[in-house]
Amino acid sequence: MSEDYIRIENLTYQYADTDVPALQEVNLEISKGEYVAIVGPCGAGKTTLCLTLNGIVPKMFMGEMVGRVTVGGMNTVEHEVREIALLVGMVFDNPEFQLSQMSVEEEIALGLESRGIPREEIRRRISEVLDIVGLAGYEERSPMALSGGQQQRLAIAAALAIHPDILVLDEPTSNLDPIGKQEVFEVCARLNRESGTTIIIAEHEVEVMALYADKIFVLNEGRIVLGGTPREVFSEVDALQSIGLRVPQVTALAHILQMTAGKWDGEYPITVDEAVETIQNRWKESAHA
Ligand SMILES: Nc1ncnc2c1ncn2[C@@H]1O[C@H](COP(=O)(O)OP(=O)(O)OP(=O)(O)O)[C@@H](O)[C@H]1O
Ligand SMILES: [Mg+2]
């Protein structure tokens with residue numbers, strides 16, 4: 001099962017009344033427990049790809065889909081979105097959009113009540129997920145009175161309360177300040193590490209993805225143009241920059257040093273720690289030379 005936990009095969013999707021498909025011949029596989037980042041410029045198809053994972057695309061849009069998406073063995077067009085949602089939790093970029101209740105606990109209870117989960121169990125899950133996202137003690141607060149980072153963590157808590165094995169986050173930190181962003185990344189990393197939750201995150205923060213992601217897929221104009229480990233993907237500096245994507249700053253620095261003066265020589269670092277280690281080793285070597 002883990003081999004083809006999430007499998008997208010030859011997926012092409014075109015929204016109604018548009019001239020070009022939003023996704024074109026996409027193929028990808030994600031194993032259980034992986035932390036996967038989807039990056040790509042505006043309009044590349046990141047949101048559409050996220051929405052195919054619980055069947056919202058194609059079911060809730062007019063449009064045409066060719067190909068197949070299976071999640072945990074379920075073909076997404078053969079199952080109800082509600083059923084797939086038990087396996088796949090979704091968090092969108094703007095938490096305000098997702099939050100509708102008067103209190104934090106009601107917000108989390110909402111999805112559970114509609115699924116007929118008993119009151120006692122709902123109470124247990126509220127306390128469980130608020131602990132996970134670091135919002136214990138906020139039960140009675142109004143979601144609208146929370147900071148952006150707290151609201152986004154509440155949206156994650158509401159998604160987690162269903163106990164999904166897979167959490168899909170579509171640019172969950174785009175409206176957040178650096179602290180809020182950090183909070184969201186920390187929660188995702190902890191869920192992945194401690195509960196084995198499969199994380200799929202559309203995200204612009206390449207430095208953070210270099211630290212956390214097992215795999216990165218790069219989308220451009222609806223196609224997957226690169227895929228692999230962060231090291232494999234970020235080593236393609238020119239290809240990424242040509243479609244308007246950033247690489248981590250340390251990677252860009254090593255690339256410039258190599259291109260302008262032949263001064264890097266070897267694999268580019270993707271994190272500051274790696275760059276520091278490489279530079280220190282070279283200093284040691286040159287001191288001994
Ligand atoms: N509901 C829709 N109806 C018609 N076309 C759509 C719809 N949603 C998205 N599109 C088009 O599909 C393509 C992919 O859009 P999508 O929102 O998936 O990209 P994205 O990578 O998430 O972009 P962004 O970085 O702006 O979030 C774009 O050309 C977009 O205009
Ligand atoms: Mg989007």
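No experiment lies behind these values; they were computed from the predicted model shown. Ligands are counted one by one from 1 in listed order, and the atoms in each one are counted from 1 as well. Heavy atoms only: backbone and side chains are in, while hydrogens, waters and symmetry mates are out.
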Novice: So for G45, does at least one of its heavy atoms come nearer than 4.0 angstrom to any atom of ligand 1?
Specialist: yes
Novice: CD of E107 to OG of S142: how many Å apart, nearest 0.5 Å?
Specialist: 9.5 Å
Novice: With no hydrogens and no angle check, is any side-chain donor or acceptor of R246 less than 3.5 Å from a backbone partner on V206?
Specialist: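 No; judged by distance alone, with no hydrogens or angles, the pair does not exist.
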Novice: Quick one: does any side-chain atom of K46 pair with a main-chain N or O of P41 as donor and acceptor, under 3.5 Å?
Specialist: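 Side chain of K46 to backbone of P41, a donor-acceptor pair under 3.5 Å: yes, one is there.
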Novice: Can you tell me if P41 has a non-hydrogen atom under 4.0 Å from ligand 1?
Specialist: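 True for this residue.
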Novice: Among protein heavy atoms, which sits nearest to atom 29 (O) of ligand 1, and what does the distance come to when rounded to 0.1 Å?
Specialist: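 Looking at atom 29 (O) of ligand 1, the protein heavy atom closest to it is G43 O, 4.1 Å.
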Novice: Within T47, is some N, O or S atom less than 2.8 Å away from the Mg ion (ligand 2)?
Specialist: yes
Novice: Which residue supplies the protein heavy atom nearest to atom 20 (P) of ligand 1, what is that atom called, and how far is it?
Specialist: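 Answer, as residue, atom name and distance: K46 N, 3.5 Å.
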Novice: Within the 4.0 Å heavy-atom shell around E171, which atoms of ligand 1 are there?
Specialist: 25 (O), 27 (O)
Novice: Please verify the inter-ring angle class for Y212 with Y35; under 30° counts as parallel, over 60° as perpendicular, anything in between as tilted.
Specialist: parallel
Novice: What is the distance from atom CG of L167 to atom CG of L87, rounded to the nearest 0.5 Å?
Specialist: 11.5 Å
Novice: Closer than 4.0 Å to some heavy atom of A22 - which atoms of ligand 1 meet that?
Specialist: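 What qualifies from ligand 1 is 12 (O), 13 (C), 14 (C).
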Novice: At what distance, to the nearest 0.5 angstrom, does CD1 of I30 lie from CG of D214?
Specialist: 10.5 Å
Novice: Which of the numbered atoms in ligand 1 are below 4.0 angstrom from a heavy atom of A44?
Specialist: 19 (O), 20 (P), 21 (O)
Novice: Relative to the heavy atoms of T47, which atoms of ligand 1 are at a distance of less than 4.0 Å?
Specialist: 17 (O), 18 (O), 20 (P), 22 (O), 27 (O)
Novice: Does E120 pair with R124 as a salt bridge, N-O distance under 4.0 Å?
Specialist: no
Novice: Is the backbone N or O of L176 less than 3.5 Å from a side-chain atom of T173, with the two atoms forming a donor-acceptor pair by type?
Specialist: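 No.
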Novice: Need the ligand 1 atom indices (1-based, order shown) with element for anything under 4.0 Å from a heavy-atom of F61.
Specialist: 1 (N)
Novice: Give the atom numbers and elements of ligand 1 that come within less than 4.0 Å of a heavy atom of T18.
Specialist: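 Going through ligand 1 atom by atom, the ones under 4.0 Å from T18 are 4 (C), 5 (N).
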Novice: For atom 6 (C) of ligand 1, what's the nearest protein heavy atom and its distance?
Specialist: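 Minimum-distance protein heavy atom for atom 6 (C) of ligand 1 reads Y15 CD1, 3.2 Å.
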Novice: Looking at CG of L53 and OG1 of T48, how far apart are the two atoms once the value is rounded to the nearest 0.5 Å?
Specialist: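 So the CG of L53 and the OG1 of T48 are separated by 11.0 Å.
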Novice: To the nearest 0.5 Å, what is the distance between CD (Q152) and CD (Q98)?
Specialist: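 Output value for this atom pair is 7.0 Å.
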Novice: Using a 4.0 Å cut-off to any heavy atom of T48, which atoms of ligand 1 qualify?
Specialist: 14 (C), 15 (O), 16 (P), 18 (O)
Novice: Give yes or no for whether the N/O distance cutoff of 3.5 Å, strictly under, is met between A16 and ligand 1.
Specialist: no
Novice: Do protein heavy atoms approach atom 18 (O) of ligand 1 to less than 4.0 Å?
Specialist: yes
